[in-house]
> 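The structure's right below; bear with me while I get my questions together.
Remember, it's 1-based here, ligands and their atoms both numbered in the order they're listed. Every value quoted in this text rests on a predicted model; they were computed, and no experiment measured them.
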Amino acid sequence: MNYLGMVIDETLRKHPPASNITRVVTQPYIIPDTKAEVEKGVRVVIPVYALHHDPKYYPEPDRFDPERFNEEAKSSRPHYTYLPFGEGPRNCIGMRFGLLQAKVGLAVLLSNFEFSVCEETNIPLELNPKSFITSAKGGIWLRINKC
Ligand code: HEM
């Protein structure tokens, strides 16, 4: 279950359903080491997808590697570099439920079925530019056999 959690974490890094989140500035703020001031009332977009693919924090960002989420690797990164569920008082209220649901769903599916790529599988996966949330263009086609 621990490794499955790391696989889900890495999946949400590569493909965060919410590629951006927003916040409204409540008090004037000067961006550290610059003269840029963000005024009160401005809506700020936090680029989750870009952070998750920044090679400074995730070397070879296109590579799928669940080991990025072992305890040692996690503690070596700044806190706000992983935001699939947002952060702070208005982060995702369903985070724990969502993660548990994904783990239970995968455990049941993987113990009963075998999944493999087929002729229709789009490799590499292409994102749908018209979708508000991150989703695969044309869906994800797989061959499924009963174990
Ligand atoms: C993998 C599954 C999910 C992902 C990736 C996800 C992601 C997110 C993100 C990015 C936000 C915005 C957080 C922010 O701005 O800081 C959010 C908010 C929210 N999510 Fe989720 N979510 C998931 C599952 C769920 C589930 C299962 C529920 C309910 C059962 C849920 C309910 C909510 C609600 C109510 C908010 C708004 C919270 C607020 O504004 O205070 N989410 N979610």
> Among all protein non-hydrogen atoms, which one is nearest to atom 2 (C) of ligand 1, and what is the separation to 0.1 Å?
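Protein heavy atom at minimum distance: Phe85 CE2, 3.7 Å.
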> Looking at atom 16 (O) of ligand 1, what's its closest protein heavy atom, distance included?
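For this ligand atom, the closest protein heavy atom is Arg23 NH2, 2.5 Å.
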> Hey, does Val48 have a side-chain heavy atom less than 4.5 Å from the side chain of Pro16?
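Yes. Closest side-chain heavy atoms under 4.5 Å.
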> Out of Gln101, Arg96, Arg90, who gets a non-hydrogen atom closest to atom 13 (C) of ligand 1?
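Comparing heavy atoms across Gln101, Arg96, Arg90, the nearest one to atom 13 (C) of ligand 1 lies in Arg90.
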> To which protein heavy atom is atom 37 (C) of ligand 1 closest, and what is the distance rounded to 0.1 Å?
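Going by distance alone, atom 37 (C) of ligand 1 is nearest to Asn91 O, 4.8 Å.
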> Say whether, by atom type as modelled, one donor and one acceptor occur between the side chain of Tyr82 and the main chain of Asp9 under 3.5 angstrom.
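Yes; at least one donor-acceptor contact below 3.5 Å.
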> Which ligand 1 atoms does Ala18 reach within 4.0 Å, using its non-hydrogen atoms?
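Going through ligand 1 atom by atom, the ones under 4.0 Å from Ala18 are 10 (C).
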> What are the atoms of ligand 1, with element, lying closer than 4.0 Å to any heavy atom of Pro17?
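Answer, ordered by atom number: 5 (C).
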> Would you mind checking which non-hydrogen protein atom is closest to atom 42 (N) of ligand 1, with the distance to 0.1 Å?
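The protein heavy atom lying closest is Cys92 SG, 3.0 Å.
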> Once the angle between the rings of His52 and Tyr58 is folded into 0 to 90°, is it parallel (under 30°), tilted (30 to 60°) or perpendicular (over 60°)?
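His52 and Tyr58: perpendicular rings.
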> Only heavy atoms of Phe97, strictly under 4.0 Å: list the atoms of ligand 1 that pass.
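Per the distance check, 27 (C), 30 (C).
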> Could you list which atoms of ligand 1 come closer than 4.0 Å to a heavy atom of Gly86?
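Atoms satisfying the 4.0 Å criterion: 10 (C), 13 (C), 14 (C), 16 (O).
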> Distance to 0.1 Å, residue and atom name: give those for the protein heavy atom nearest to atom 7 (C) of ligand 1.
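That would be Pro84 O, 3.4 Å.
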> Is any side-chain heavy atom of Pro66 less than 4.5 Å from a side-chain heavy atom of Val7?
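A side-chain contact under 4.5 Å exists here.
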> Determine yes or no for a side-chain-to-main-chain donor-acceptor pair under 3.5 angstrom, with Arg43 supplying the side chain and Val25 the backbone.
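Not a single qualifying donor-acceptor pair exists.
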> Distance under 4.0 Å to a non-hydrogen atom of Glu87: what atoms of ligand 1 satisfy this?
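Listed by number with element, the hits are 16 (O).
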> Donor-acceptor pair, His53 side chain versus Asp62 backbone, under 3.5 Å?
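No, the answer is negative, given that no donor and acceptor are paired below the 3.5 Å cut-off.
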> Do Asp65 and Glu10 come close enough that some side-chain heavy atom pair is under 4.5 Å?
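The answer is yes; the side chains approach within 4.5 Å.
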> To the nearest 0.1 Å, how far is atom 29 (C) of ligand 1 from its closest protein heavy atom, and which atom is that?
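Minimum-distance protein heavy atom for atom 29 (C) of ligand 1 reads Gly94 CA, 4.0 Å.
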> Quick test: of every protein heavy atom, which one is nearest to atom 12 (C) of ligand 1, and how far off is it to 0.1 Å?
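Result for atom 12 (C) of ligand 1: Ile21 CG2, 4.2 Å.
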> When rounded to the nearest 0.5 angstrom, what is the spacing between CZ in Arg23 and CD in Glu87?
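Arg23 CZ to Glu87 CD: 9.0 Å, rounded to 0.5 Å.
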> In the protein, what heavy atom is nearest to atom 35 (C) of ligand 1, and what distance, to one decimal place, separates them?
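Among all protein heavy atoms, the one nearest atom 35 (C) of ligand 1 is Ile93 CG2, 3.3 Å.
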> Thinking salt bridges, do Arg143 and Glu119 make one under a 4.0 Å N-O criterion?
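Salt bridge present between Arg143 and Glu119.
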